[in-house]
Enquirer: 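My questions all concern the structure below.
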Amino acid sequence: VQLQASGGGLVQAGGSQRLSCAASGRTASNNGMGWFRQAPGKDREFVAAISWRGDITYYTDSVKGRFTISRDNAKNTVYLQMNSLNPEDTALYSCAVGRGSKVSTQAGHYAYWGQGTLVTVSS
């Protein structure tokens, strides 16, 4: 599975941005998918995850109420809508496909990773 993330860029604090991650090479529609991020000088952290049906979602506490993960299995694509962005959200955002249908917050659960898209939030 190849993953291509897009939608990153520079945004002002308080603004919104929508990330997309398209899977190719093999369908990911039966797998959980997730978004992780890595800020400069910090470890990678979990952001959000979604089940294969889209009926179960997990979020890290710092983004709850601001970010929404969704997916379109017909397009083999997962999205991350980010609202009320702040400078602490600045990071390289990567999507990943899980090893199965379950949802997980753990990076080790994910088998395939995209290159990532950089989001920079200015104050």
Enquirer: Taking the side chain as everything from C-beta on, heavy atoms only, tell me whether Leu118 gets closer than 4.5 Å to Thr120.
Expert: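 In contact.
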
Enquirer: For side-chain contact (heavy atoms from CB on, under 4.5 Å), just list the numbers for Val63 and Val47, CA-CA rounded to whole Å, side-chain angles, deciding distance to a tenth of an Å, and then say yes or no.
Expert: CA-CA 7 Å; Val63 309; Val47 177; 4.3 Å; yes

Enquirer: So how far is it from Arg18 CZ to Leu80 CG, rounded to the nearest 0.5 Å?
Expert: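 It comes to 10.0 Å.
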
Enquirer: Heavy atoms, side chains only, cut-off 4.5 Å: are Thr117 and Leu19 in contact?
Expert: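 Heavy-atom side-chain distance check passes, below 4.5 Å.
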
Enquirer: Which distance, rounded to the nearest 0.5 Å, do you find between the OG of Ser62 and the CZ of Arg37?
Expert: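 Nearest 0.5 Å value for the OG-CZ distance: 4.5 Å.
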
Enquirer: Less than 4.5 Å apart, side chain to side chain, heavy atoms only: is that true for Asn76 and Ser24?
Expert: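 Of all side-chain heavy-atom pairs linking Ser24 with Asn76, none is under 4.5 Å.
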
Enquirer: Output the distance between atom CH2 (Trp52) and atom NZ (Lys102), rounded to the nearest 0.5 Å.
Expert: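 Those atoms lie 14.5 Å apart.
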
Enquirer: Given 3.5 Å as the limit, does a donor-acceptor pair link the side chain of Thr90 with the main chain of Val121, or not?
Expert: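 Yes: the side chain of Thr90 pairs with the backbone of Val121.
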
Enquirer: Distance alone, cut at 3.5 Å: any donor-acceptor contact between the side chains of Thr77 and Asp72?
Expert: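 On atom types as modelled, these side chains do not qualify, holding no pair under 3.5 Å.
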
Enquirer: If we only count heavy atoms from C-beta on, is the Ile50 to Tyr58 side-chain gap below 4.5 Å?
Expert: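 No, too far: nothing below the 4.5 Å cut-off.
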
Enquirer: Could you check if a side-chain atom of Asp89 sits within less than 4.5 angstrom of a side-chain atom of Phe67, using non-hydrogen atoms only?
Expert: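 Yes; the side chains approach each other to less than 4.5 Å.
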
Enquirer: Measure across Ser104 and Ala49 and return the closest heavy-atom pair with its distance rounded to 0.1 Å.
Expert: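 Answer, listing the atom of Ser104 first, then Ala49: O-CB, 3.6 Å.
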
Enquirer: Heavy-atom distance under 4.5 Å between the side chains of Val119 and Met82, does that happen here?
Expert: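 Yes. Closest side-chain heavy atoms under 4.5 Å.
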
Enquirer: Please report the C-alpha distance between Asn31 and Ser101 in whole Å, then the side-chain angles of each, then the deciding distance to 0.1 Å, and finally whether the side-chain contact (heavy atoms from CB on, under 4.5 Å) criterion is met.
Expert: CA-CA 4 Å; Asn31 298 72; Ser101 60; over 6 Å; no

Enquirer: List the steps, then state whether side-chain contact (heavy atoms from CB on, under 4.5 Å) holds for Gln115 with Ser94.
Expert: CA-CA 6 Å; Gln115 294 287 352; Ser94 300; over 6 Å; no

Enquirer: Measuring from atom CG of Leu92 to atom CD of Gln38, what distance do you get when rounded to the nearest 0.5 angstrom?
Expert: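 That separation rounds to 7.5 Å.
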
Enquirer: How close do Pro87 and Ala13 get, heavy atom to heavy atom, and via which atoms?
Expert: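 Answer, listing the atom of Pro87 first, then Ala13: CD-CB, 4.2 Å.
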
Enquirer: Would you confirm whether Gln4, through its side chain, and Gly114, through its main-chain N or O, come within 3.5 Å as a donor-acceptor pair?
Expert: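 Checking the backbone N and O of Gly114 against the side chain of Gln4, no donor-acceptor pair under 3.5 Å is found.
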
Enquirer: When you compare the side chain of Cys21 with that of Val78, does any pair of heavy atoms fall below 4.5 Å?
Expert: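 A side-chain contact exists here, since the closest heavy-atom pair is under 4.5 Å.
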
Enquirer: Can you give me the closest heavy-atom contact between Ser16 and Ser84, atom names plus distance?
Expert: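 Closest heavy-atom pair between Ser16 and Ser84: OG-N, 4.4 Å.
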
Enquirer: For Arg99, does the CZ atom sit with more than 12 other heavy atoms under 6.0 Å from it, leaving out its own atoms?
Expert: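 Correct, the count exceeds 12.
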
Enquirer: Atom CE of Met33 and atom OG of Ser70: how far apart are they, to the nearest 0.5 Å?
Expert: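 So the CE of Met33 and the OG of Ser70 are separated by 11.0 Å.
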
Enquirer: Within 45 degrees of the ring normal and closer than 6.0 Å to the centroid, is that where the cationic atom of Arg44 sits relative to Trp113?
Expert: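 Judged by the rule (NZ or CZ under 6.0 Å from the ring centre, within 45° of its axis), Arg44 counts as positioned above Trp113.
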
Enquirer: Contact between Ile69 and Tyr79 at the side-chain level, heavy atoms closer than 4.5 Å - yes or no?
Expert: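 A side-chain contact is absent here, since even the closest heavy-atom pair is not under 4.5 Å.
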
Enquirer: Heavy atoms only: give me the nearest Ala48-Tyr59 pair and the separation to one decimal.
Expert: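 Here Ala48 and Tyr59 meet closest at CB-CD2, 3.7 Å.
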
Enquirer: Tyr110 vs Phe36 aromatic rings, parallel, tilted or perpendicular, using cut-offs 30° and 60°?
Expert: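 Ring orientation of Tyr110 relative to Phe36: perpendicular.
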
Enquirer: Look up atom CG in Asn73 and atom CG in Asn30, then write down how far apart they are to the nearest 0.5 Å.
Expert: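 Going from CG on Asn73 over to CG on Asn30, the span is 7.5 Å.
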
